[in-house]
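If you're wondering where the values come from, they're calculated on a predicted model, not measured in any experiment.
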Amino acid sequence: MRKRVCSLVIFILLLICNSFAFAQSPQINSGLSWLTSAQTSTGNWPEVDTTEYYSTAAALDAVYALEPSSSAYTTAFQWMTGQMVSPTDYLSRRIIALKRAGMDVSSELDGLLLYRNSNGGWGGETSYLSDPLDTALALQALHAANYTDDSVLFHAVSFLIDNQNGDGGWGFNKDNPSSVSVTATVLKALQPFIYYRCAGQASIELGVAYLLTKQNPDGGFGSSPSNVYETAQAFDALIVAGAKISTIDPLTELSPAQAAINYLTTTQSANGSWKDDPYSTALALQALANIRPNLTASSISFTKPMPQANETIIITANIKNAGLENASNIVVRFYQGDPASGGTQIGSDQIIPSLLINAFTQV
C-alpha cells in the first residue's frame, strides 16, 4: 500500500518600495551638504571636538552610507589610505575603510595582530595594557576583514565580556566608570560574535539596559546634559544589537528610538551641521540613515489547518511595521517552499498601500 504525505511550507517575502525614503530627508540633505563643504582640499576633515583622523573616519563612513560615488568620498578615502597610522584605533578604522573598498588588508591585519596581548585584548599599541575600547575596535576590524581564527576571536570576545562593569556598561578601562560611547562601541563589536561565549547574549542585553538608563528626558544620551555624538552612537548600537526599543512611553508617547531621533533632528543647526563639528555631524547622519521600516510577518493561519490536495483555502498573515519610519507600497508574496530554492508562489501579490510605525494589518 502506497502512502502519500503532503506538506505545505509557507515563505513570506516582503518588498518595501520606499524603505530608504528618509535618506532623502531635508535633515540628511542639509547635513550632508554641510559635511562636504567642511572637507578640506586635501580630503580630510579638520579637528574640532576630536582628532582629524577620527573626524575623517566618521565622515568617510557617513558619506559612504549616503553618497558613496561622490568626490567627497573618493578624496577622503585617498587621504585616509595615505596616512601612516600606528595606534590600534586608527589602524582598525583604516582596515574597515580599506576592506569596504575591496582592497587588500593583509599587511594592516598583521600589524593589528602584533598589538594583541596575551589576555586576548588590545591596548593602544604594543606593550600597552588591554582596554575595552581598543579591543572592541580591533574586533570590528577583524569582522570587517572576514578574519576567521576562532582562537583570536574567542579570546577577544572573552576579554570584553570579562571586563564588563557591574552596571552593564564598559569604561575605558576595567576600573573606570561606564561610558555611553565605549559601551556603544563594544556592543557593535560583540553582536556578530555573541555565540563565541555562552554569556554573549546576556552580556549584550546588560549593555543595552545600561545604555537605556543613560537616555535623558530630552531623548538624548550621555551624562547630563545629552550630547549629539553619544546619542548617535547609542542609537546605532541599539539598532545593531537588535534591541527592543520600539515600546511607546505613555508619558512622552514616544519610543526610546523615536525620542533619540527627535533629539538629533531638533539639535541640528540651521546650516545643517551639528555643533559645526564634522565628527558629531557625521555620526548624526549615520544614525539618521538607519531610520527605515522594519516589516515582520507572524501568526500565519489557514481556514482549514490540514488541507487536502486541490482544496481552496485562505492563508492569512499579520504584517507589522516595527521600524522607525512609515512604509508604503508593500508587496507581500506567499510561497510554497523557499523561492530561493525553487518554491512556487501561491496566489497573486498582496499590496499594502501604507503601514505606519508600530501598526499592523492582515493579508
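At a threshold of 4.5 Å between non-hydrogen side-chain atoms, the residues V331 and I351 count as touching. Counting only heavy atoms from C-beta outward, the side chains of L283 and D236 never approach each other to under 4.5 Å. M103 is listed as a side-chain neighbour of F77, based on a closest heavy-atom distance under 4.5 Å. Looking at heavy atoms from C-beta onward, L32 lies out of side-chain contact with T281 at the 4.5 angstrom threshold. Taking the side chain as every heavy atom from C-beta outward, W34 and P278 approach each other to under 4.5 Å. A 4.5 Å side-chain heavy-atom check between R100 and L60 finds at least one atom pair inside the cut-off. Proximity of W122 to L112: side-chain heavy atoms (C-beta onward) are separated by under 4.5 Å at one or more points. Using a 4.5 Å heavy-atom threshold, the side chains of L113 and Y147 count as touching.
Listed by chain and number, the residues in a side-chain hydrogen bond (donor to acceptor under 3.5 Å, both in side chains) with T40 are T42, N44 (sequence neighbours excluded). Partners of S86 by side chain to side chain contact (heavy atoms under 4.5 Å, CB included), not counting sequence neighbours, listed by chain and number: Y115, E125. Contacts of H155 classified as ring-ring contact (aromatic ring centres under 6.0 Å, His included), with partners at least two apart in sequence or in another chain: none. With sequence neighbours excluded, the residues satisfying side-chain hydrogen bond (donor to acceptor under 3.5 Å, both in side chains) with N271 are S273, D276. Every residue two or more places apart in sequence or in another chain that forms a side-chain hydrogen bond (donor to acceptor under 3.5 Å, both in side chains) with Q268 is listed here: S30. Judged as a side-chain hydrogen bond (donor to acceptor under 3.5 Å, both in side chains), and not counting sequence neighbours, Y263 has no contacts.
Looking at N173, its side chain never comes within 3.5 Å of a backbone N or O of N176 through a donor-acceptor pair. A donor-acceptor contact shorter than 3.5 Å links the side chain of N216 to the backbone of G222. Using modelled atom types, one side-chain atom of R94 and one backbone atom of Q83 make a donor-acceptor pair closer than 3.5 Å. Formation of a donor-acceptor pair under 3.5 Å by the Q164 side chain with backbone atoms of S203 is found in this model. In this structure, the side chain of S181 does not engage the main chain of E230 through any donor-acceptor pair within 3.5 Å. Using modelled atom types, one side-chain atom of Q350 and one backbone atom of S348 make a donor-acceptor pair closer than 3.5 Å. Here the side chain of Q215 pairs no donor or acceptor atom with the backbone of A234 at under 3.5 angstrom.
Rounded to the nearest 0.5 angstrom, T135 OG1 and F159 CZ are separated by 4.5 Å. Summarising the geometry, atom CD1 belonging to I330 is positioned 7.5 Å from atom OG belonging to S354; distances are rounded to the nearest 0.5 Å. Atom CD of E108 is separated from atom OG of S106 by 7.0 Å, given to the nearest 0.5 angstrom. Taking CG of D49 as the start and CG of D277 as the end, the distance is 4.0 Å to the nearest 0.5 Å. Here CD1 of I204 is found 12.5 Å from OG1 of T183. Values are rounded to the nearest 0.5 Å. Taken from CH2 in W274 to OG1 in T267, the straight-line distance is 7.0 Å, to the nearest 0.5 Å.
Side-chain contact, D150 with Y196: a donor N or O sits under 3.5 Å from an acceptor N or O. Neither side chain, T316 nor Q362, offers a donor N or O lying under 3.5 Å from an acceptor on the other.
Taking both residues in full, the closest heavy atoms of T36 and A72 are given as CG2-CB, 3.8 Å, listed atom of the first, atom of the second, then distance. Taking all atoms of both residues into account, the shortest heavy-atom contact from L91 to G111 is CD2-C, 3.9 Å. Of all heavy-atom pairs between Y279 and S55, the closest is CB-OG, 3.9 Å. Scanning all heavy atoms of the two residues, the minimum distance from G219 to T231 falls at O-CG2, 4.5 Å. Nearest heavy atoms, A189 versus P192: O-CD, 3.3 Å. Taking both residues in full, the closest heavy atoms of S280 and Y229 are given as OG-CB, 4.1 Å, listed atom of the first, atom of the second, then distance.
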TODO: Dump the intermediate steps for side chain to side chain contact (heavy atoms under 4.5 Å, CB included) on L212 and L238, then the final yes or no.
DONE: CA-CA 9 Å; L212 290 175; L238 292 170; 4.0 Å; yes
TODO: Could you please spell out the steps behind the side-chain hydrogen bond (donor to acceptor under 3.5 Å, both in side chains) verdict for T51 and Y90?
DONE: CA-CA 11 Å; T51 67; Y90 283 24; 3.0 Å; yes
Open item on the list: Let's go through W170 and L133 carefully: what are the C-alpha distance in whole Å and the side-chain angles of both, what is the deciding distance for side chain to side chain contact (heavy atoms under 4.5 Å, CB included) to 0.1 Å, and is it a yes or a no?
Closed with: CA-CA 8 Å; W170 282 267; L133 180 60; over 6 Å; no
- [ ] Before giving the answer on side chain to side chain contact (heavy atoms under 4.5 Å, CB included), spell out for T213 and D167 the whole-Å C-alpha distance, their side-chain angles and the decisive distance to 0.1 Å.
- [x] CA-CA 10 Å; T213 67; D167 60 7; over 6 Å; no
Task: Trace of the side chain to side chain contact (heavy atoms under 4.5 Å, CB included) decision for T265 with L288 - done: CA-CA 9 Å; T265 55; L288 294 180; 4.1 Å; yes
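Note: F193 and H143 have perpendicular aromatic rings, judged against thresholds of 30 and 60 degrees for the angle between ring planes.
For the pair D162 and R197, the salt-bridge criterion is met [side-chain N within less than 4.0 Å of a carboxylate O].
L109 and F154 fall within the same hydrophobic cluster, where Ile, Leu, Val, Met, Phe, Trp and Tyr residues are linked whenever their side-chain heavy atoms come under 4.5 Å apart, directly or through other members. One hydrophobic cluster, built from ILVMFWY side chains closer than 4.5 Å, cannot hold both W45 and I96; they sit in different ones. Both V186 and Y195 belong to a single network of hydrophobic side chains, linked directly or stepwise wherever heavy atoms of I, L, V, M, F, W or Y lie under 4.5 Å apart.
For the pair R93 and Y53, the cation-pi criterion (under 6.0 Å, within 45° of the ring axis) is not fulfilled.
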